[in-house]
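Each remark here refers to the structure printed beneath this line.
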There are 2 protein chains.
Amino acid sequence: MYALGMEASERVGQLVEALRRDGRVEVARAAVELGAAEMTIRRDLDQLVERGVARRVRGGAVNLLMRGEELPFAMREVEAVEAKRRIAQVVAELIGDGEAVALDSGTTTLETARTLVTRRVTAMPLSLHAATVLSAGAGVRLMMPGGECRPGELAMVGPLTLASIAALRFDTAVLGCCGVSPEGHVMAHDLGDAAVKQALLTSARRSVLALDGAKFGRGALAVVRELSTFDVIVTDASAPASVLAGLRADGVDVRVA
Amino acid sequence: MYALGMEASERVGQLVEALRRDGRVEVARAAVELGAAEMTIRRDLDQLVERGVARRVRGGAVNLLMRGEELPFAMREVEAVEAKRRIAQVVAELIGDGEAVALDSGTTTLETARTLVTRRVTAMPLSLHAATVLSAGAGVRLMMPGGECRPGELAMVGPLTLASIAALRFDTAVLGCCGVSPEGHVMAHDLGDAAVKQALLTSARRSVLALDGAKFGRGALAVVRELSTFDVIVTDASAPASVLAGLRADGVDVRVA
DNA sequence: GCGTACGAACACTAAAAATGTTCGAATCGA
DNA sequence: TCGATTCGAACATTTTTAGTGTTCGTACGC
């Protein structure tokens with residue numbers, strides 16, 4: 001009598017949601033509500049602890065993330081996969097054969113890497129995740145920027161990264177971002193990340209921003225650049241129409257995947 | 001009636017051996033001799049084609065590698081795994097906690113990365129394979145050199161790589177090599193690779209060379225440096241004793257794993 | 001044109017991952 | 001200290017996945 005339990009990642013997602021909503025979850029309660037054994041819930045919570053999302057307490061776990069703080073990469077990677085894939089598809093279609101592309105770190109751009117891997121391009125990914133994906137591509141000429149590799153996200157940052165980017169010129173830079181401020185600024189997690197994004201924009205002939213609709217109005221620490229200065233913006237149908245209309249009026253090529 | 005077929009990698013290895021010996025293999029014959037279905041042999045050959053080792057012809061496949069040419073990375077990766085693991089273990093024991101280590105590309109050094117991943121070190125791998133392994137280490141501070149990423153080996157080469165290395169100083173550089181000439185020169189596949197190895201040696205306080213015994217007397221194109229100038233050399237019991245004795249006389253710390 | 005090799009599609013097996021269960025030890029609160 | 005509860009190791013079970021074998025229609029080379 002094994003119930004058709006929901007998939008593992010979905011269950012973990014529910015636990016994260018409950019953590020953010022209530023600040024804590026109880027093992028016994030969660031086991032009943034999610035239709036899983038208590039042992040399974042404990043193992044799920046172990047994962048969250050390992051990823052720094054929660055701290056274990058007797059009977060359950062409590063939230064560790066600050067309000068508004070971003071989820072670790074491994075958790076974001078399984079969220080809204082379908083939307084990201086559609087966006088990535090549109091972005092990939094913007095890239096011509098043989099182009100030199102710089103690929104920012106993040107989950108949407110990682111999905112773009114998965115699309116580009118079958119293509120013939122020169123690619124420089126800003127994260128090890130994307131690099132691993134692209135390294136399997138027979139037609140991909142792979143370049144890596146130097147620098148420090150941040151845990152989890154596996155994004156390259158630091159002076160070496162900036163120097164590597166400055167030494168090259170790309171046809172297209174595909175950026176992701178963690179949010180767009182209400183004032184229309186593209187935002188990054190921190191200054192190091194913002195510096196890398198700015199360097200990418202400086203070294204690329206054309207700039208493409210890939211972001212799902214949920215990013216609009218979500219603030220963050222560091223300003224990268226004004227949204228309206230991008231050449232192309234690819235998003236999905238959940239993006240606020242008024243913002244998109246404004247961008248189009250500014251001459252931005254806005255595409256809804 | 002499923003025979004306890006030999007392991008897949010072993011079967012592919014036999015096919016490669018036959019290819020190098022006879023220049024070609026036949027599907028029907030190989031299926032009988034290796035005790036596998038023809039379809040399985042075909043699938044194996046597909047792999048070899050994908051890796052550039054063979055070309056498919058009707059009824060079988062023919063060799064594509066030149067005499068003496070090195071096997072692709074994915075093939076070497078499964079050869080002499082035990083010896084490599086032992087060597088890697090000894091190399092890892094040479095590394096102190098918190099040290100900054102540069103890790104050359106290659107299969108032996110990749111095994112070293114697998115050993116180091118549980119340690120607390122700063123590591124800069126010269127190949128994406130090792131980078132992927134090390135990125136899983138909670139205690140590993142990971143740096144990447146910039147540069148072009150060669151297919152297969154996924155080794156970083158080029159001016160950006162040299163510049164990245166030159167910007168840093170390591171406590172230890174762990175090098176691999178593709179052969180040691182009869183005159184006692186450590187050799188590399190090509191000039192680009194040799195340049196990277198030389199840069200590593202320049203930027204490191206201590207140099208460690210990891211090589212299995214089969215490398216001795218095997219020539220290659222590009223000279224890296226004299227064998228006797230390394231601080232530590234880690235090899236296995238199949239290395240020629242006379243060479244090792246000579247190195248010890250020169251003051252090299254020779255370890256046999 | 002004939003026989004052979006090919007490869008897609010499906011069946012089967014084995015190995016691995018995920019989940020559930022049991023039970024003794026550890027922890028908490030009274 | 002005692003009782004109740006939670007924990008997690010060890011094992012059982014299930015599901016998934018990767019690998020292999022088989023069949024059969026198609027295409028290819030001689």
Side-chain angles (χ1 to χ4, degrees), chain A residues 1-16 18-19 22-51 53-64 74-75 77-78 81 114 118 132-133 136 138, chain B residues 1-16 18-19 22-51 53-64 74-75 77-78 81 114 132-133 136:
Chain A
M1 42 98 126
Y2 281 69
L4 284 185
M6 71 185 75
E7 201 185 326
S9 60
E10 188 188 343
R11 196 181 50 231
V12 174
Q14 299 258 21
L15 288 173
V16 172
L19 268 176
D22 310 330
R24 66 168 291 159
V25 294
E26 288 167 35
V27 172
R29 173 109 63 99
V32 175
E33 290 182 358
L34 303 181
E38 294 195 359
M39 191 68 219
T40 301
I41 301 296
R42 284 198 199 99
R43 284 191 268 242
D44 290 344
L45 292 180
D46 287 346
Q47 276 184 49
L48 297 184
V49 169
E50 201 168 335
R51 288 171 187 169
V53 176
R55 187 167 48 81
R56 206 61 210 297
V57 296
R58 187 178 175 83
V62 296
N63 191 11
L64 265 187
M75 318 252 60
E77 171 63 354
V78 294
V81 180
R114 297 210 171 95
T118 59
T132 304
V133 170
Chain B
M1 42 102 119
Y2 281 70
L4 283 184
M6 71 183 77
E7 202 184 324
S9 61
E10 187 187 343
R11 196 181 51 232
V12 175
Q14 299 259 19
L15 288 173
V16 172
L19 270 176
D22 309 329
R24 66 167 291 159
V25 293
E26 287 168 34
V27 172
R29 173 109 62 98
V32 175
E33 290 181 358
L34 302 181
E38 294 195 0
M39 191 65 220
T40 302
I41 300 296
R42 285 199 199 98
R43 283 191 268 241
D44 289 345
L45 292 180
D46 287 346
Q47 276 184 48
L48 296 184
V49 169
E50 201 169 336
R51 289 170 187 169
V53 176
R55 186 167 50 81
R56 210 53 215 295
V57 295
R58 189 175 175 83
V62 295
N63 191 12
L64 266 187
M75 318 253 59
E77 171 63 354
V78 294
V81 179
R114 296 210 171 95
T132 305
V133 170

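Throughout, a chain's letter reflects where its sequence line sits, starting with A, and its residues are numbered from 1.
Within 4.0 Å (heavy atoms only), A:Ala28 reaches no atom of the nucleic acid at all.
Note that CD of A:Gln14 is 12.0 Å distant from CG of A:Leu19, once rounded to the nearest 0.5 Å. Rounding to the nearest 0.5 Å places CD of B:Glu33 at 14.0 Å from CZ of B:Arg11. In this structure, A:Asp44 CG and A:Met39 CE are separated by 10.0 Å, a value rounded to the nearest 0.5 Å.
Direction change of the helix axis from one end of the helix from C:dG1-D:dC30 to C:dA30-D:dT1 to the other is 40°, with five pairs defining each end axis (rounded to 10°).
What separates CD of A:Glu10 from C1' of C:dA18 is a distance of 16 Å, to the nearest Å. Between the CG atom of B:Leu45 and the C1' atom of C:dC6 there is a distance of 12 Å, rounded to whole Å. The distance between atom CG of B:Leu15 and atom P of D:dT20, rounded to the nearest whole Å, is 12 Å. If you measure from atom CD1 of B:Ile41 to atom P of C:dG7, you get 14 Å, rounded to the nearest angstrom. Taking atom CZ of B:Arg55 as the reference point, atom P of C:dC6 lies 14 Å away to the nearest angstrom.
Between B:Arg11 and the phosphate of D:dT20, there is a side-chain N or O to OP1/OP2 separation shorter than 4.0 Å.
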Tabulated below should be each protein N or O lying under 3.5 Å from an N or O of nucleotides 7-9 of chain D; please produce it.
from, atom 1, to, atom 2, distance (Å)
D:dC7, OP1, A:Arg56, NH2, 3.0
D:dC7, OP1, A:Val57, O, 3.4
D:dC7, OP1, A:Gly59, N, 2.7
D:dC7, OP2, A:Arg42, NE, 3.2
D:dG8, OP2, A:Arg56, NH1, 3.3
D:dG8, N7, A:Arg42, NH1, 3.4

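By the salt bridge (charged side-chain N to carboxylate O under 4.0 Å, His left out) test, B:Arg114 pairs with B:Glu77, B:Glu111, sequence neighbours left out. Qualifying salt bridge (charged side-chain N to carboxylate O under 4.0 Å, His left out) partners for A:Glu50, counting only residues two or more places apart in sequence or in other chains: none. Qualifying side-chain contact (heavy atoms from CB on, under 4.5 Å) partners for B:Glu38, counting only residues two or more places apart in sequence or in other chains: B:Val27, B:Ala28, B:Ala31, B:Arg42.
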Exercise answer: donor-acceptor pairs, residues 56-63 of chain B side-chain atoms, under 3.5 Å, sequence neighbours excluded:
from, atom 1, to, atom 2, distance (Å)
B:Arg56, NE, B:Gly60, O, 2.9
B:Asn63, OD1, B:Leu65, N, 3.0

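Closest heavy-atom contact between B:Leu64 and B:Ala54: CD1-O, 3.5 Å.
Looking at A:Arg43, its side chain comes within 3.5 Å of the base of C:dG20 through a donor and an acceptor atom.
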